[in-house]
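Scroll down for the structure; my scribbles are underneath it.
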There are 2 protein chains.
Amino acid sequence: MGVTMNDVARAAGVSLKTVSNVINDYEFIRPATKQRVLDAISELGYETNLTARSLRSGKTSMLGLVLADLSIPYYAELASDIMKAAWARGYRVLVEQSGNEAEHEKAALQGQFRSLTDGLLFIPLALDAEQIITAAGKKPLVLLGEFVQDPRLDMVLIQNQEAAAAVTAHLLAGGRRRIAVLGAHDGDEAGSNGLRLRGYRAALAAAGVEHDPELVVPCGWRRDGGADATARLLDSGVEFDAVFGLNDALALGALHELLLRGRKVPEEIAVAGFDDLDESRFASPSLTTVAPGRAEIAERAVELLIERIESKDAVHSVQQPKAAFAMKVRQSAP
Amino acid sequence: MGVTMNDVARAAGVSLKTVSNVINDYEFIRPATKQRVLDAISELGYETNLTARSLRSGKTSMLGLVLADLSIPYYAELASDIMKAAWARGYRVLVEQSGNEAEHEKAALQGQFRSLTDGLLFIPLALDAEQIITAAGKKPLVLLGEFVQDPRLDMVLIQNQEAAAAVTAHLLAGGRRRIAVLGAHDGDEAGSNGLRLRGYRAALAAAGVEHDPELVVPCGWRRDGGADATARLLDSGVEFDAVFGLNDALALGALHELLLRGRKVPEEIAVAGFDDLDESRFASPSLTTVAPGRAEIAERAVELLIERIESKDAVHSVQQPKAAFAMKVRQSAP
DNA sequence: GGCTCGGTATACATCGTTGCAGATGTGCCG
DNA sequence: CGGCACATCTGCAACGATGTATACCGAGCC
């Protein structure tokens, strides 16, 4: 157990450094020498010790990914895309679940384990920009999710406001006038939910439809939150002819509750979401939603982070690319 | 950037080794000394370099988790549980997506990246036991998912057969006699799908219901596979009054397709699955399924793997604990 | 033939930590 | 008061790789 370069060197009759050179594709090695080393490597079953390499070179070739919880489908799908993008560029991803708690997020930014990664992809939920900047120090960092916005931070943006406006406009075009919104407080301005809410209000205003604060229902971020909120809404007696879940999980929870209570979707009440989960396509009825460009987000975020890592000292201006979104009109709101 | 133990030592006026001792909670240190060191640490913002520690100690405190793809909800939920269990024991998890390809699985078992982890949790899909044993070598390894069964390998078992029999029995108890099965070939004996199929047949036999091979429909493992298979089944004209998806994704795909075609669930056709995804609870109608004991599986697998890692040389017999399962009766098959 | 030059291989120090083997100091016992 | 045990602290050598500097070698040039 544990063949080292030294063993290989001895077996091949060369110096340790030559083995290193072969492994790192150094240009000037005689083919015969190279072959001898390669033979020795495969004969002994040598494998590079990445830990040692990291210590010496100062790079781990790992990216940290901090998100709330993998059991939330949107994060799982995003994580999957991010891992593929990173892998394609020779990096691995170390996922850290923050459980949406400030303490865990902070720990991820500045804790011990930071030293295992070359940079961080971070989906902040509990910390604000100031806290993030303080905690992160100089480590390469790219934010995702737009919960936090700040001109000093690199991030990949979702067009929250525009996309939410598009969903709302679609519902309005379908003749809906009393569109309930799940997942935000009426006053929210910040965070992705705030931005999405703003998009909703903008679309209403553009269509000349009055905004009723009673239709904005705060709730958790998961399916049960959407279901509960819908139940409360139905019980409250407030009239509505559509539900816009600020994410698909909420919309699916709402859909479930509406059908449970015998409401007809979409005839009576239309339902729309935001995220375009794989699951949403297969809901019954299938869910109208907007795709925020997940694959593009993953790709861009990884690319940007790696750029920051590999040109660490270079001067650079903050980048905040926006991903393209796309409406997905399905049965729940045709 | 890069405060080392040496810097701390100098600042605290002690030797480097004493700093190390403080950090590792060595017993015999005068409180005053300890405090001085701790002060220096926080003043300088020192952080342990885990890479160096790993190199020196030979432990990385990371577990590898090899699975097909995080975008598959069952794996995402399992991964989430595994990470929490590992974290609670001081380990992190490095996820590797195999995409269900033999080559990737093999690479995960014996590739470079192996040296970054102390042991591997592996959900095999493409490799068989022999290949796994050959590729894995002596590295601590615990299998999950029961796609492979072998008395030489540690693994945490799902009661595939028993649980599938329970689902089938439940459908039979509801008066169903023509139960279609999605996700296996009629001949399958191995793998979780084979075992689940065997449970299905056993339950039919126990109830004295004849088995019709035409009701067994092979298909992919995701929602679209279930939908396609259901479409084919409907088109073929084969009669059936229930569908048993060998996992929830398939069942949900089937549910979607049935409703799309105007079939009433459960009145006309009952639907049941296997996995108890979070999503299944919120489907409409909610999905009857069986929970394989995901949290317990995660817990036990992590525990077993860590035991193997930490008592590496000790003689031990192969362990194959079984997780308890639980029926979840919901609307789709009351 | 001696000298330069570029290709090829090597030696040595080094990354930041921990294991091991001691060195020092303190208190207590006889 | 010497000796001994024990608490406390220190120094050195490693872990396995890579960077830098340099040694060697044959070919080409004058």
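A quick note: this is a predicted structure, and the numbers were derived from the prediction, not measured. Scope of the values below: all heavy atoms of this structure, side chains included, with no hydrogens, waters or symmetry mates.
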Just wondering, do [Y] and [X] contact through their side chains at under 4.5 Å, heavy atoms?
X	Y	value
A:Gln97	B:Trp87	no
B:Leu67	B:Leu78	no
B:Val318	B:Leu153	no
A:Val22	A:Ile29	yes
B:Asp7	B:Tyr46	no

Go through the side-chain N and O atoms of [X] and [Y] and say whether any donor and acceptor fall under 3.5 Å apart.
X	Y	result
A:Ser115	B:Glu47	no
B:Ser54	B:Thr51	no
A:Asp69	B:Ser80	yes

Item to check | Which atom of A:Arg308 lies closest to which atom of A:Pro140, heavy atoms considered | outcome: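 Minimum heavy-atom contact is CB-CB, 4.2 Å.
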Next on the checklist: Show the nearest heavy-atom pair for residues A:Val66 and A:Ser98, with the distance to one decimal.
Outcome noted: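 So the two residues come closest at CG1-CB, 4.2 Å.
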Quick test: give all pairs of protein nitrogen or oxygen and nucleotides 22-24 of chain D nitrogen or oxygen below 3.5 Å, distance rounded to 0.1 Å.
none

Checklist entry - Which is the 5'-most and which the 3'-most nucleotide of DNA chain C that has an atom under 4.0 Å from a heavy atom of chain A? => result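 Nucleotide range with atoms under 4.0 Å of chain A: C:dG7 to C:dG16.
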Ignoring hydrogens and geometry, is there a side-chain-to-backbone donor-acceptor pair from [X] to [Y] under 3.5 Å?
X	Y	result
A:Arg89	A:Ala85	yes
B:Gln320	B:Asp150	yes
B:Asp118	B:Thr60	yes
A:Asp154	A:Val142	no

Checklist entry - Taking DNA chain D as the partner, which of residues 37-61 of chain B come within under 4.0 angstrom of it by heavy atom? => result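 Only B:Leu55, B:Arg56 qualify.
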Item to check | Contacts of type side-chain contact (heavy atoms from CB on, under 4.5 Å), residue A:Asp39, not counting sequence neighbours | outcome: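 Counting only residues at least two positions away or on another chain, A:Asp39 forms a side-chain contact (heavy atoms from CB on, under 4.5 Å) with A:Gln35.
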Item to check | Near-strand residues of residues 20-31 of chain B, defined as heavy-atom separation under 4.0 angstrom from DNA chain C | outcome: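 B:Ser20, B:Asn24, in order of number.
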Item to check | End-to-end axis angle, where each axis spans five pairs of the helix from C:dG1-D:dC30 to C:dG30-D:dC1, to 10° | outcome: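 Helix axis angle between the two ends: 60°.
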